[in-house]
Structures are given as structure tokens and as C-alpha cells.
K.L.:
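Have a look at this one.
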Amino acid sequence: MKNKKTLVLGASAKPEKYAYKAITMLVDKGHSVLAIGQNAGEVAGIKINTKAIPLKNIDTITLYLNPTRQKDYYNYIVETKPKRVLFNPGTENPELYQLLELNNIKSEVACTLVLLTTNRY
């Protein structure tokens, strides 16, 4: 399996959160993971940054932010130039789909955990 450098946007250090589970599973499956969240913390050895950090060579940004909170990251997501953005359940956002399409960035409405579990990540 190919290592897909992934940014978890909306990361959380709370074990009951799906973003936490995604970071853990991504690390377990051998992917390079970066994380940005509202609160600092650490999950599976990955530090959660509280500010948008400049990134390069990102394969996937997986979203765990509701559409209203995503607005603050529109420019950041486009400037990061990921190959794709995954919209996990509850993060669906037609406005951002259009922006991504205009910038030749693939968007996918899918659950990161399901993709990883079924080896379709």
C-alpha cells in the first residue's frame, strides 16, 4: 500500500471523536499524518497543531469540520494543493466542492475510516 501523506483538519485528542480514530487508523496503516485542530494535543504520536501550517506534497486532506468552520480554511486548503479532499459524514459542503473543482482538486464524500477498513483509501 502506498503511503498517502494526509492532513486531518479538525483533529481532536478526544478518543471518542472520529478524527481521533482516523489519525490512529492512518498511523496504524502506515500513512504520514499531520493534524490541525482547535485544541493542542497528541494522538498516536502525532502532534495536533492549532494553527494552519504551510504544507507541501499532501495527498489527502480529510475533513472533520462542519461546513461553517470550513470557511476559515478555504484558502488554506486550495493553497495546500492536495490531490483530494475527503468530506466525512457531516462535513458535506457544495460550496467547497465547487471551489475545489475550480482549482483542479478532487473532492470525495466518503468516510476515512470506511475507506481505510476496506483498503480503498
Side-chain angles (χ1 to χ4, degrees):
M1 177 185 57
K2 185 177 169 234
N3 174 3
K4 293 186 177 173
K5 191 172 178 185
T6 302
L7 170 63
V8 177
L9 196 50
S12 173
K14 295 179 180 175
E16 67 274 13
K17 298 288 188 181
Y18 287 110
Y20 178 100
K21 296 175 193 321
I23 293 169
T24 303
M25 194 177 288
L26 284 160
V27 169
D28 287 349
K29 297 265 186 182
H31 296 285
S32 300
V33 180
L34 298 149
I36 296 174
Q38 201 168 10
N39 300 305
E42 193 173 297
V43 179
I46 305 299
K47 180 184 174 219
I48 299 173
N49 294 287
T50 56
K51 291 188 167 61
I53 48 175
L55 298 172
K56 289 186 174 159
N57 304 315
I58 295 293
D59 182 87
T60 303
I61 293 177
T62 183
L63 293 175
Y64 288 93
L65 294 172
N66 69 48
T68 304
R69 297 227 13 252
Q70 290 170 21
K71 288 182 190 288
D72 292 338
Y73 291 96
Y74 281 7
N75 289 337
Y76 177 70
I77 292 168
V78 169
E79 288 165 10
T80 300
K81 298 183 179 98
K83 290 181 183 165
R84 69 176 174 169
V85 175
L86 292 179
F87 289 83
N88 287 281
T91 67
E92 299 88 349
N93 183 350
E95 183 177 75
L96 184 50
Y97 304 158
Q98 285 185 323
L99 180 62
L100 294 171
E101 187 176 336
L102 288 172
N103 287 278
N104 298 312
I105 298 169
K106 185 180 166 194
S107 63
E108 195 175 330
V109 177
C111 176
T112 298
L113 298 173
V114 170
L115 292 175
L116 288 164
T117 301
T118 58
N119 295 316
R120 294 183 295 146
Y121 189 78

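Numbering of residues begins at 1 and proceeds along the displayed sequence.
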K.L.:
Working to the nearest 0.5 angstrom, can you tell me the gap between Leu34 CG and Ile53 CD1?
P.N.:
5.5 Å

K.L.:
Look only at the side chain of His31 and the backbone of Lys4, and say whether a donor-acceptor pair between them is shorter than 3.5 Å.
P.N.:
yes

K.L.:
Any idea which heavy atoms bring Ala19 and Gly10 closest together, and the distance?
P.N.:
CB-O, 3.4 Å

K.L.:
Roughly how far apart are Leu102 CG and Tyr97 OH, rounded to 0.5 Å?
P.N.:
15.0 Å

K.L.:
With the threshold set at 4.0 Å, does a side-chain nitrogen-carboxylate oxygen contact exist between Glu16 and Lys21?
P.N.:
no

K.L.:
Check whether any side-chain heavy atom of Tyr76 lies under 4.5 Å from a side-chain heavy atom of Leu55, and answer yes or no.
P.N.:
yes

K.L.:
Would you call Lys106 and Glu108 a salt bridge, using N to O less than 4.0 angstrom?
P.N.:
yes

K.L.:
side-chain contact (heavy atoms from CB on, under 4.5 Å) for Leu96 and Ile77? Distances and angles first, verdict last.
P.N.:
CA-CA 10 Å; Leu96 184 50; Ile77 292 168; 4.2 Å; yes

K.L.:
Just verifying a value: how many Å separate Asn57 CG and Lys83 NZ, rounded to the nearest 0.5 Å?
P.N.:
8.5 Å

K.L.:
Determine whether more than 12 heavy atoms belonging to other residues, nucleotides or ligands lie under 6.0 Å from atom CD of Glu101.
P.N.:
no

K.L.:
Ser12 and Asn39: side-chain donor and acceptor closer than 3.5 Å?
P.N.:
no

K.L.:
Indicate whether any N or O donor in one side chain lies under 3.5 Å from an N or O acceptor in the other, for Glu95 and Tyr74.
P.N.:
yes

K.L.:
Can you find a pair of side-chain heavy atoms, one from Asp59 and one from Pro82, that are under 4.5 Å apart?
P.N.:
no

K.L.:
Could you state the interatomic distance from CG (Leu9) to OG1 (Thr62), rounded to the nearest 0.5 Å?
P.N.:
9.0 Å

K.L.:
Decide whether a cation-pi geometry holds between Arg84 and Tyr121; the criteria are a distance under 6.0 Å from NZ or CZ to the six-membered ring centre and an angle within 45° of the ring axis.
P.N.:
yes

K.L.:
For Thr68, does its backbone N or O pair with a side-chain atom of Gln70 as donor and acceptor, under 3.5 Å?
P.N.:
no

K.L.:
Which heavy atom of Ala22 sits nearest a heavy atom of Leu116, and at what distance?
P.N.:
O-CD1, 4.5 Å

K.L.:
Would you say Leu115 ends up clustered with Val27 if hydrophobic residues are merged whenever their side chains have heavy atoms under 4.5 Å apart, either directly or through other cluster members?
P.N.:
yes

K.L.:
Are Val43 and Leu86 grouped together when hydrophobic residues (ILVMFWY) are joined by side-chain heavy atoms under 4.5 angstrom apart?
P.N.:
yes

K.L.:
Rounded to the nearest 0.5 Å, what's the gap from CG on Asn3 to OG on Ser32? Could you check?
P.N.:
3.5 Å

K.L.:
Are Ile58 and Val33 connected in the hydrophobic side-chain network, where two residues link if heavy atoms are under 4.5 Å apart?
P.N.:
no

K.L.:
How close do Ala13 and Ile48 get, counting heavy atoms only, and between which atoms?
P.N.:
N-CD1, 3.6 Å

K.L.:
Donor-acceptor pair, Lys56 side chain versus Thr80 backbone, under 3.5 Å?
P.N.:
no

K.L.:
Tyr18, Leu7: one ILVMFWY side-chain cluster at the under-4.5 Å cut-off?
P.N.:
no

K.L.:
Applying the side chain to side chain contact (heavy atoms under 4.5 Å, CB included) test to Phe87, which of Thr112, Ile61, Leu63, Leu65 qualifies?
P.N.:
Leu63

K.L.:
Contact between Leu113 and Met25 at the side-chain level, heavy atoms closer than 4.5 Å - yes or no?
P.N.:
yes

K.L.:
Where is the tightest heavy-atom contact between Leu100 and Ser107, given as atom of each residue plus distance?
P.N.:
CD1-CB, 3.8 Å

K.L.:
Asn119 vs Lys29, test: side-chain contact (heavy atoms from CB on, under 4.5 Å). Steps then yes/no.
P.N.:
CA-CA 10 Å; Asn119 295 316; Lys29 297 265 186 182; 3.6 Å; yes

K.L.:
When you compare the side chains of Thr60 and Thr6, does any donor N or O come within less than 3.5 Å of an acceptor on the partner?
P.N.:
no

K.L.:
In this structure, would Ile36 and Val78 fall into the same cluster of hydrophobic residues linked by side-chain contacts under 4.5 Å?
P.N.:
yes

